[in-house]
**Q** 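Below you'll find the structure I mean.
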Protein chains: 2
Amino acid sequence: MSTISERKKKILAAVVDEYIRTAEPVGSKAIAQSAHLGCSPATIRNELAELVNMGYLEQPHTSAGRVPTPMGYRMYVNELMDRQKLSLEETEDINRRLNQKLQELDDTIDNVSRLASQLTDYPALALTTQSTVTIKRFDIIYVDANTFILVVMLSNNSVRNKLVRLPISVDQNMIRRLSSLFNASFTGITEDQITPLLINSTERAADDSMGLSSVIAAFAIEVLTESSTPSASVSGENRLLGQPEFRDPDKAHRLMSYLSGGGHILPEADSFGGTDEVRVLIGPENVAEELKDSSVVIASYDAGDNTRGLIGVVGPTRMDYSAVAAKLSFLAAGLSRRLGGGEAPPEGMHNKLIIKGDSSDGSR
Amino acid sequence: MSTISERKKKILAAVVDEYIRTAEPVGSKAIAQSAHLGCSPATIRNELAELVNMGYLEQPHTSAGRVPTPMGYRMYVNELMDRQKLSLEETEDINRRLNQKLQELDDTIDNVSRLASQLTDYPALALTTQSTVTIKRFDIIYVDANTFILVVMLSNNSVRNKLVRLPISVDQNMIRRLSSLFNASFTGITEDQITPLLINSTERAADDSMGLSSVIAAFAIEVLTESSTPSASVSGENRLLGQPEFRDPDKAHRLMSYLSGGGHILPEADSFGGTDEVRVLIGPENVAEELKDSSVVIASYDAGDNTRGLIGVVGPTRMDYSAVAAKLSFLAAGLSRRLGGGEAPPEGMHNKLIIKGDSSDGSR
DNA sequence: GTTGGCACTCTCTTCTATCGAGTGCTAATA
DNA sequence: TATTAGCACTCGATAGAAGAGAGTGCCAAC
């Protein structure tokens with residue numbers, strides 16, 4: 001009983017394809033025409049009835065066509081759908097946008113989410129996972145007696161700065177002293193290694209009676225906290241309204257508010273395997289209550305310095321999984337290539353698309 | 001005919017207040033109760049009929065209550081509504097949020113728009129006007145033979161940096177030379193004063209045969225462009241869906257897409273007078289087609305260094321003008337105080353609320 | 001100038017009838 | 001045994017009709 005005939009598979013695939021296209025329950029007649037397996041609607045009906053029994057399809061009501069269940073989608077995603085290759089134009093388009101957006105704004109996840117949303121025409125969110133960041137370099141630039149600039153280069157090669165203005169005067173020597181001291185003792189350590197003790201000893205060593213050390217240390221802590229905290233960005237929530245399943249404003253509002261909330265989304269973020277994997281979460285497979293009748297496609301990329309970036313696209317369960325997965329996969333690969341440390345596959349190549357779902361495999 | 005009796009004003013105000021509250025056409029009976037001017041519904045009906053004639057109100061259909069026209073709202077905003085003072089809790093709340101959000105992320109307009117949206121519960125957008133920015137200081141930090149960090153401090157006291165990696169090696173002296181040269185000849189000038197000629201001469205003066213000068217100059221241009229280009233940020237689009245007038249998903253979608261588009265919004269931005277002014281644009285008063293049946297409340301603040309920031313809140317014409325104007329005004333004042341250059345009114349004070357509309361004054 | 005009374009209008013809701021897509025079942029067929 | 005044609009049946013969707021209710025406009029009285 002756990003097997004499923006070839007013909008049933010074809011029919012199931014046809015139903016899902018058609019339903020994704022039209023958002024209307026699919027009838028036996030339509031299938032007989034679209035999937036040309038030489039048999040009549042009546043035969044299809046028998047098969048459909050069995051597919052309903054097996055749990056792959058359901059009927060909104062007795063005399064309507066069939067609609068895929070989450071289990072049906074799961075089967076579709078795992079085995080049935082044709083893994084779309086992007087067209088040359090599409091890959092070129094993505095690469096062009098990537099080059100354009102990333103050349104200056106290195107890691108800005110806002111850009112990643114916006115891009116993902118534009119490409120797929122669904123709301124998208126981007127996030128970075130937790131990671132341990134340390135300071136690689138510490139510089140202090142003397143501007144004038146009351147002003148200096150802190151410049152910190154992090155282990156992930158991003159650079160942060162802060163302009164500090166003082167009510168009192170400091171001389172250039174003090175700045176130089178502090179600079180080299182901080183460069184010596186505050187580099188290579190993580191945020192929680194910056195203890196009051198360490199700050200104190202730096203203060204004494206620099207002969208700093210004005211508390212500058214704590215100001216600078218505070219900046220260090222701030223920067224480290226900020227960079228190692230996962231951050232999230234959501235774009236294109238409004239595209240939800242283009243989907244017929246969100247014509248109900250309340251439903252749309254609920255999901256959009258949830259998305260705008262941002263970060264605490266995707267509890268599955270942590271459990272994410274490796275790069276080059278696209279994961280599809282269908283309806284009830286989602287942990288978050290608000291996503292129980294939506295689907296999420298997630299791709300992961302290497303954001304450099306052991307940081308993993310995640311791109312997620314949210315849509316109705318009737319989502320164009322194939323297209324979205326292909327695009328996200330390509331996008332993630334492009335990002336890995338540009339941001340990641342490791343050796344990279346040559347530009348413009350399709351990388352293989354590995355799709356993993358949850359533990360259930362859609363059979364029974 | 002251009003005058004309007006006191007009682008009519010009271011009735012008009014009552015209609016608008018009630019309509020803002022309930023989103024339902026307002027009947028004569030309701031007014032007789034809410035605005036207690038000792039007269040019967042019948043009298044009110046007569047007055048209402050005249051108000052309709054004058055163009056301040058309209059009826060959706062013969063036997064419905066009255067709804068304000070844009071002209072009615074205009075009159076309401078200009079003369080009728082009580083200028084709300086915020087409660088102590090509200091001002092404290094805003095100040096607390098301001099302190100929290102701005103202490104580190106100086107100018108991030110994302111924060112401004114998010115804050116405005118949270119406070120008003122309408123979608124909000126923040127933008128900065130065009131301004132001329134120059135470089136105040138130029139520093140180059142040597143990291144290693146293939147890497148250096150550019151640090152630029154701008155006339156608006158923001159600091160930008162960029163990590164540059166080279167395929168070739170440079171020695172520390174070269175860096176030092178470039179640093180002082182750029183600091184000398186690239187400061188105090190605007191973007192379009194950075195000519196190929198200037199770059200060339202710098203290149204020669206530094207004895208730079210590797211084209212480093214153009215890399216650095218490119219960064220200078222980039223930073224100047226970016227900082228002087230008006231930028232925009234939109235937040236809380238989804239709050240639109242909470243409003244009954246946007247229960248139609250298509251209508252909501254249209255406006256949300258327009259808002260997400262961002263910048264080209266508010267063509268009236270340029271014409272904006274001074275700080276401490278709140279401007280209300282009602283329905284057709286808006287230039288943008290997409291806003292013709294929505295209202296916008298705009299406040300302006302001093303973002304320092306001759307830059308003006310704008311905060312706009314978008315909602316249905318049936319918007320709580322009074323509350324929104326009060327909140328925006330206070331928020332703008334708080335931002336001016338923190339970011340602006342001039343002397344500041346003491347914290348926590350209500351600043352006077354000046355509301356200006358367009359040229360028409362709602363009378364005929 | 002104000003008020004009560006009353007017929008009138010128009011939307012909104014509810015109910016009913018009809019239509020049609022699509023099914024499930026049965027009996028005939030290859 | 002698998003497939004097919006035929007047909008009665010189900011059920012949502014649509015349209016029209018009836019009734020309720022809110023609110024008006026107007027008139028005559030105060």
Side-chain angles (χ1 to χ4, degrees), chain A residues 3-12 14-19 21-69 72 244-245 247-248, chain B residues 3-12 14-19 21-69 72 244-245 247-248:
Chain A
T3 54
I4 173 172
S5 78
E6 270 318 302
R7 193 171 64 184
K8 280 203 183 56
K9 284 188 180 177
K10 276 196 181 171
I11 292 177
L12 178 52
V15 172
V16 179
D17 279 331
E18 189 68 7
Y19 186 63
R21 209 171 55 80
T22 62
E24 304 272 302
V26 185
S28 54
K29 208 169 165 185
I31 297 174
Q33 288 174 350
S34 79
H36 0 68
L37 11 90
C39 62
S40 78
T43 314
I44 310 259
R45 276 207 287 282
N46 291 329
E47 297 282 54
L48 286 177
E50 288 185 57
L51 283 167
V52 169
N53 269 335
M54 292 170 151
Y56 293 113
L57 297 175
E58 63 186 352
Q59 291 181 281
H61 53 268
T62 329
S63 78
R66 304 308 208 281
V67 163
T69 60
E245 23 272 288
R247 291 203 69 79
D248 173 14
Chain B
T3 53
I4 174 173
S5 76
E6 270 319 302
R7 192 169 66 184
K8 280 202 182 57
K9 285 188 180 177
K10 276 196 180 170
I11 293 176
L12 178 53
V15 172
V16 179
D17 280 330
E18 189 68 6
Y19 186 63
R21 209 172 56 80
T22 62
E24 305 271 300
V26 185
S28 53
K29 208 168 163 185
I31 298 174
Q33 287 173 350
S34 78
H36 359 67
L37 11 90
C39 62
S40 79
T43 314
I44 309 258
R45 276 207 288 282
N46 291 330
E47 297 280 55
L48 286 176
E50 288 185 59
L51 284 167
V52 169
N53 268 336
M54 292 169 146
Y56 293 114
L57 296 176
E58 64 186 352
Q59 292 179 282
H61 54 267
T62 329
S63 78
R66 305 308 206 284
V67 164
T69 60
E245 23 272 287
R247 291 202 69 78
D248 173 14

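Per chain, numbering begins at 1; letters A, B, ... match sequence-line order.
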**Q** Report the distance from atom CD1 of A/Ile31 to atom C1' of D/dT3, rounded to the nearest whole Å.
**A** 17 Å
**Q** Test of understanding: with salt bridge (charged side-chain N to carboxylate O under 4.0 Å, His left out), list the residues that count as partners of A/Glu245, not counting sequence neighbours.
**A** A/Arg318
**Q** What integer distance in Å separates A/Glu47:CD from D/dT1:C1'?
**A** 14 Å
**Q** Between A/Tyr19 and A/Pro68, what is the shortest heavy-atom contact and its length?
**A** CD2-CD, 3.5 Å
**Q** Rounded off to whole Å, could you give me the CG-to-C1' distance for the B/Leu48 and D/dA22 pair?
**A** 15 Å
**Q** Send over the distance from A/Leu37 CG to D/dT4 P, rounded to a whole Å.
**A** 10 Å
**Q** Sequence neighbours left out, what passes side-chain hydrogen bond (donor to acceptor under 3.5 Å, both in side chains) with A/Lys9? Give chain and number order.
**A** A/Glu79
**Q** Within the distance-only criterion (no hydrogens, no angle test), does the side chain of A/Thr69 pair as donor or acceptor with the backbone N or O of A/Gly55 below 3.5 angstrom?
**A** yes
**Q** Please find the earliest and latest nucleotides of DNA chain C, in the 5' to 3' direction, that have an atom within less than 4.0 Å of any heavy atom of chain B.
**A** C/dT2 to C/dT11
**Q** Pairs in or reaching into residues 38-47 of chain B: which pass salt bridge (Lys or Arg N to Asp or Glu O under 4.0 Å), with residues at least two apart or in two chains?
**A** B/Arg7-B/Glu47, B/Lys8-B/Glu47
**Q** What is the distance from NZ of A/Lys29 to P of D/dT4, rounded to the nearest Å?
**A** 16 Å
**Q** Expressed in angstrom and rounded to an integer, what is the separation of A/Arg7 atom CZ from D/dT4 atom P?
**A** 8 Å
**Q** Just to verify, what does A/Asn46 make a side chain to side chain contact (heavy atoms under 4.5 Å, CB included) with, not counting sequence neighbours?
**A** none
**Q** Just need the stems in DNA chain C: three or more back-to-back Watson-Crick or G-U pairs, each with both distances under 3.5 angstrom, sorted by first number.
**A** C:1-30 with D:1-30
**Q** Going by the rule side-chain hydrogen bond (donor to acceptor under 3.5 Å, both in side chains), which residues pair with B/Lys29 if we only count those two or more places apart in sequence or in a different chain?
**A** none
**Q** Determine all donor-acceptor pairs shorter than 3.5 Å in which one atom belongs to a side chain in residues 31-41 of chain A; sequence neighbours excluded.
**A**
unit_1  : atom_1 : unit_2  : atom_2 : d
A/His36 : NE2    : A/Ser34 : O      : 3.3
A/Ser40 : OG     : A/Ala42 : N      : 3.3
A/Ser40 : OG     : A/Thr43 : OG1    : 3.4

**Q** B/Val15 and side chain to side chain contact (heavy atoms under 4.5 Å, CB included): which single residue from B/Val67, B/Leu51, B/Leu48 fits?
**A** B/Leu48
**Q** Which residues satisfy the side chain to side chain contact (heavy atoms under 4.5 Å, CB included) test with B/Ala30, sequence neighbours excluded?
**A** B/Val26
**Q** Taking atom P of D/dG23 as reference, at what distance in whole Å does atom NE2 of B/His61 sit?
**A** 9 Å
**Q** Under the side chain to side chain contact (heavy atoms under 4.5 Å, CB included) test, which residues partner A/Arg21, sequence neighbours left out?
**A** A/Glu18
**Q** List, with names and distances, any nitrogen or oxygen atoms from the protein found under 3.5 Å away from nitrogen or oxygen atoms belonging to nucleotides 6-9 of chain D.
**A**
unit_1 : atom_1 : unit_2  : atom_2 : d
D/dG6  : O6     : A/Arg45 : NH2    : 3.2

**Q** For D/dT10, does either OP1 or OP2 sit under 4.0 Å from a side-chain N or O belonging to A/Gln59?
**A** no
**Q** Would one find a side-chain N or O of B/Thr62 under 4.0 angstrom from OP1 or OP2 of D/dG23?
**A** no
**Q** Return the value, rounded to whole Å, for the distance between atom CD1 of B/Ile44 and atom P of D/dG25.
**A** 13 Å
